[in-house]
Engineer: 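First, the structure itself, so that you have it in front of you.
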Amino acid sequence: MAGPPYLHPEGVTVHYTEDAYLSRVLIFYWPVTTAGSSISSRHRITIFTKIGHASFPPFQVSPQSSYYGAVAQLSDERQRDEIYRVMVFSLAKYFDTLPAASKENGYDSGGRTFFDDRHAGKIANKLCKVTNPIRVLEDIQSFYSSSSKLQQTTPRPPSSSRSTTFSSEQKQAIRLAMCEVVDTEERYVSKMHELLFNIISEFREKSCTKPPSSTSPDAQALSKLFPSCLDAIFTVNRGFLDSIRHVLETTEDSAIESIASGDDEKLSSQDFLGIRAFSRVLCDWFPKFLYPYKEYLYAHTTFSALLSSLMRNHAASSFSRRVRETGEQKLRSMLMEPVQRLPRYSLLIDSMTTPLPVGEPSLKHLAKARDVVSEICAMETPVSKILDSLTITYDEEKAYRSLSPTKFLSSLATGEDMVVMRHVPRLAVPEEEKEREKEKEKERGRDRGGGGGTLRRALSRRVSPPKREQREQQMLKENLPPRVLMPTGQQKDPLLMELEMLRRENAALRDMLDRCTCGVADSGGGGPENYAYR
């Protein structure tokens with residue numbers, strides 16, 4: 001699962017769900033077509049979970065594969081959907097490629113195991129189609145793009161060309177490099193001070209004292225944009241600056257004297273230039289950068305999207321006004337300062353290392369300090385944090401329901417323009433409802449000279465769909481529930497009124513009818529014999 005994931009916007013379909021063990025699950029699907037053919041026989045998948053991501057190159061779903069057993073865990077409806085077969089197949093393959101350490105404790109309290117075909121099928125059956133796929137894809141791409149730039153470090157300077165003595169030019173180059181570290185650190189700490197005490201402090205104060213009527217984000221929402229690790233970064237860098245500035249100032253006289261002599265010098269036990277003390281300070285302080293910078297690197301990838309979201313959702317608030325007064329682009333740039341500063345240390349160390357002669361003790365300390373910086377830059381943000389930062393919208397109506405209509409309605413016959421329910425199972429009804437229904441049925445029976453069975457008759461009559469749009473318009477005019485359409489210009493038929501009444505009063509029946517996603521259509525005659533439940 002190493003390396004950046006495959007992410008391409010063209011032809012992508014994205015599905016999402018949540019799992020008790022894997023938390024957020026995000027699957028990107030691409031059909032792969034061969035040259036000269038419009039039919040895709042191969043597929044490409046990228047999967048994200050809290051454990052990590054995996055991208056599978058183009059493949060076919062072969063029944064001979066050991067992963068094909070997961071397809072049988074899909075519902076009947078989803079087994080007939082090619083994309084879901086591909087996704088559950090890929091989930092089984094993903095589970096198989098996970099390292100053993102990731103599968104530890106892979107069972108629940110009931111003794112059921114995770115990471116098997118059943119687990120893959122359970123996830124696939126819950127997957128919903130994402131309705132903002134391009135935004136999700138671009139947010140992930142933005143994260144990996146910024147991370148790859150951060151991890152790009154310059155190679156170490158070669159040591160083969162080092163001299164064995166200190167020349168006057170080398171001394172001057174080393175001292176200038178030390179001054180550059182201090183100067184750039186002063187500017188960096190000054191910017192962080194401005195950000196924290198001139199900008200963020202006001203935002204934080206206002207969020208803690210905002211009245212209930214205010215539409216500005218609260219302190220919890222603001223803490224995601226201005227995390228506490230930002231304060232920790234300022235504190236540690238201010239201490240680091242004080243230390244390197246002290247070394248530079250206390251060694252200034254001896255360094256000027258050594259450079260002014262103009263003589264080449266061999267290595268000695270004395271640190272005339274102060275480079276040895278300077279390198280030890282770097283070794284002492286850079287490990288203290290690990291925690292605050294690691295947390296900030298994890299959080300910074302969401303800042304841009306989060307700021308845009310806060311500005312969009314709170315456009316008329318005092319928060320948005322303060323952002324505009326500060327300058328939105330300036331704020332974004334200042335929030336990027338710690339991320340840009342970190343890899344800069346490697347370049348500054350190299351500028352001090354290059355002029356040093358062979359055997360100089362400070363080389364060892366500078367190399368160690370550089371390794372610490374490289375280690376921090378190379379840290380990868382956990383995929384779980386990436387997933388948690390994403391704004392994902394999805395179509396819940398397309399989610400799999402554990403009780404499918406075909407299994408719930410034990411027999412269903414379908415024609416070209418009609419649907420006939422041959423059997424409607426008896427639904428559990430509370431006793432008090434049964435008594436009320438008996439009384440109502442007696443009243444209705446006397447009114448139309450008939451008895452029960454009206455629901456079954458209403459559900460089994462012939463459908464003629466051409467006038468569906470007219471019925472829908474009439475439904476809106478009469479302000480009726482969306483699943484009952486009355487004939488235009490006719491009185492409400494008592495059979496349909498009974499059906500709607502039963503649907504409203506009986507939750508189990510309403511759920512069954514809603515799952516059928518049906519409506520009542522009219523063939524044009526307007527009488528009850530022309531209705532059917534669609």
Side-chain angles (χ1 to χ4, degrees), residues 16-20 23-26 50 128 130-136 138-140 142-143 146 191-235 238 291-339 381-382 384-397 399 479 481-482 507:
Y16 168 81
T17 190
E18 295 178 5
D19 179 66
S23 188
R24 285 184 150 193
V25 179
L26 199 60
K50 72 173 185 180
C128 306
V130 172
T131 57
N132 62 334
I134 301 301
R135 177 180 176 181
V136 171
E138 289 176 348
D139 287 347
I140 297 178
S142 175
F143 166 79
S146 59
K191 290 181 180 179
M192 296 300 295
H193 183 278
E194 180 186 0
L195 175 63
L196 282 171
F197 297 100
N198 295 352
I199 299 176
I200 293 180
S201 60
E202 182 182 359
F203 281 98
R204 288 173 173 171
E205 180 182 352
K206 297 293 185 181
S207 68
C208 293
T209 60
K210 76 183 189 76
S213 60
S214 174
T215 58
S216 295
D218 57 19
Q220 183 178 3
L222 204 64
S223 66
K224 296 179 181 179
L225 184 62
F226 306 131
S228 59
C229 55
L230 201 55
D231 303 75
I233 286 176
F234 171 73
T235 300
R238 184 176 58 181
Y291 170 74
Y293 275 93
K294 179 186 71 172
E295 292 300 312
Y296 197 79
L297 293 179
Y298 286 170
H300 91 281
T301 55
T302 67
F303 289 168
S304 180
L306 181 58
L307 180 57
S308 298
S309 176
L310 291 175
M311 291 290 288
R312 182 172 58 253
N313 297 335
H314 307 276
S317 67
S318 58
F319 168 84
S320 297
R321 176 180 53 79
R322 288 193 296 273
V323 170
R324 289 191 292 268
E325 291 174 352
T326 302
E328 184 176 344
Q329 189 56 46
K330 176 184 177 181
L331 182 58
R332 292 178 186 272
S333 177
M334 295 185 79
L335 289 172
M336 283 295 295
E337 285 289 337
V339 180
T381 302
S384 60
K385 287 188 175 288
I386 303 174
L387 291 174
D388 290 343
S389 70
L390 298 175
T391 300
I392 302 173
T393 60
Y394 54 93
D395 188 358
E396 292 184 274
E397 293 301 321
N479 195 26

Engineer: A side-chain contact here means heavy atoms from C-beta on lying under 4.5 Å apart; do T326 and N198 qualify?
Structural biologist: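 Result no, sub-4.5 Å side-chain heavy-atom pair not found.
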
Engineer: Run the side chain to side chain contact (heavy atoms under 4.5 Å, CB included) test on E18 and V25 for me, step by step, so that the C-alpha distance in whole Å, both residues' side-chain angles and the decisive distance to 0.1 Å come before the verdict.
Structural biologist: CA-CA 6 Å; E18 295 178 5; V25 179; over 6 Å; no

Engineer: Can you find a heavy atom in the side chain of Y394 that is under 4.5 Å from one in the side chain of N132?
Structural biologist: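 The answer is no; the side chains never approach within 4.5 Å.
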
Engineer: Hey, which of Y291, Y296, Y293 is the one that makes side chain to side chain contact (heavy atoms under 4.5 Å, CB included) with C229?
Structural biologist: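 In the set Y291, Y296, Y293, the residue that makes a side chain to side chain contact (heavy atoms under 4.5 Å, CB included) with C229 is Y296.
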
Engineer: For Q329, does its backbone N or O pair with a side-chain atom of S333 as donor and acceptor, under 3.5 Å?
Structural biologist: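 Flag not set: sc S333 to bb Q329 has no pair under 3.5 Å.
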
Engineer: Enter the distance from M311:CE to L331:CG here, rounded to the nearest 0.5 Å.
Structural biologist: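 That separation rounds to 9.0 Å.
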
Engineer: Just so I know, are the side chains of C128 and T17 near enough to count as touching, which here means a heavy-atom distance under 4.5 Å?
Structural biologist: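 A side-chain contact is absent here, since even the closest heavy-atom pair is not under 4.5 Å.
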
Engineer: Please verify the inter-ring angle class for F203 with F319; under 30° counts as parallel, over 60° as perpendicular, anything in between as tilted.
Structural biologist: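 Perpendicular, since the angle between the ring planes exceeds 60°.
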
Engineer: Should the pair E325-R321 be classified as a salt bridge under the 4.0 Å nitrogen-to-oxygen rule?
Structural biologist: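 Looking at R321 together with E325, the answer is yes, because their closest N to O distance falls below 4.0 Å.
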
Engineer: Nearest 0.5 angstrom please: C208 SG to L222 CG, how far?
Structural biologist: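 Separation between the atoms: 8.5 Å.
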
Engineer: If you apply the rule side chain to side chain contact (heavy atoms under 4.5 Å, CB included), what do you find for R24 with I392, and how did you get there?
Structural biologist: CA-CA 10 Å; R24 285 184 150 193; I392 302 173; 3.9 Å; yes

Engineer: When you measure from the side chain of T131 to the backbone N and O of T393, does any donor-acceptor pair fall under 3.5 Å?
Structural biologist: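 A pair under 3.5 Å: yes.
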
Engineer: Not counting sequence neighbours, list each pair that qualifies as a salt bridge (charged side-chain N to carboxylate O under 4.0 Å, His left out) and has a residue in residues 201-223.
Structural biologist: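 Residue pairs passing salt bridge (charged side-chain N to carboxylate O under 4.0 Å, His left out), neighbours aside: R204-D231.
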
Engineer: If you define the side chain from C-beta out and look only at heavy atoms, does anything of R324 sit under 4.5 Å from E328?
Structural biologist: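 Counting from C-beta outward, R324 and E328 never come under 4.5 Å.
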
Engineer: Heavy atoms, side chains only, cut-off 4.5 Å: are R238 and M192 in contact?
Structural biologist: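 Result no, sub-4.5 Å side-chain heavy-atom pair not found.
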
Engineer: Is I200 close to L225 at the side-chain level, that is, under 4.5 Å between some pair of heavy atoms?
Structural biologist: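 Not touching, per the 4.5 Å side-chain cut-off.
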
Engineer: With sequence neighbours left out, what residues match K330 under side chain to side chain contact (heavy atoms under 4.5 Å, CB included)?
Structural biologist: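 Residues passing side chain to side chain contact (heavy atoms under 4.5 Å, CB included) with K330: E194, M334.
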
Engineer: If the condition is side chain to side chain contact (heavy atoms under 4.5 Å, CB included), which residues does F197 pass it with, not counting sequence neighbours?
Structural biologist: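 Partners of F197 by the side chain to side chain contact (heavy atoms under 4.5 Å, CB included) criterion, ordered by chain and then number, come out as H193, F234.
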
Engineer: Walk me through it: do V323 and L310 pass the test side chain to side chain contact (heavy atoms under 4.5 Å, CB included)?
Structural biologist: CA-CA 10 Å; V323 170; L310 291 175; over 6 Å; no

Engineer: Is Q220 atom CD crowded by more than 12 heavy atoms from other residues, nucleotides or ligands, each under 6.0 Å away?
Structural biologist: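 Incorrect, the count does not exceed 12.
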
Engineer: Identify the heavy atoms of A232 and P292 that sit nearest to each other, and give their distance.
Structural biologist: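 It is CB-CB, 3.8 Å.
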
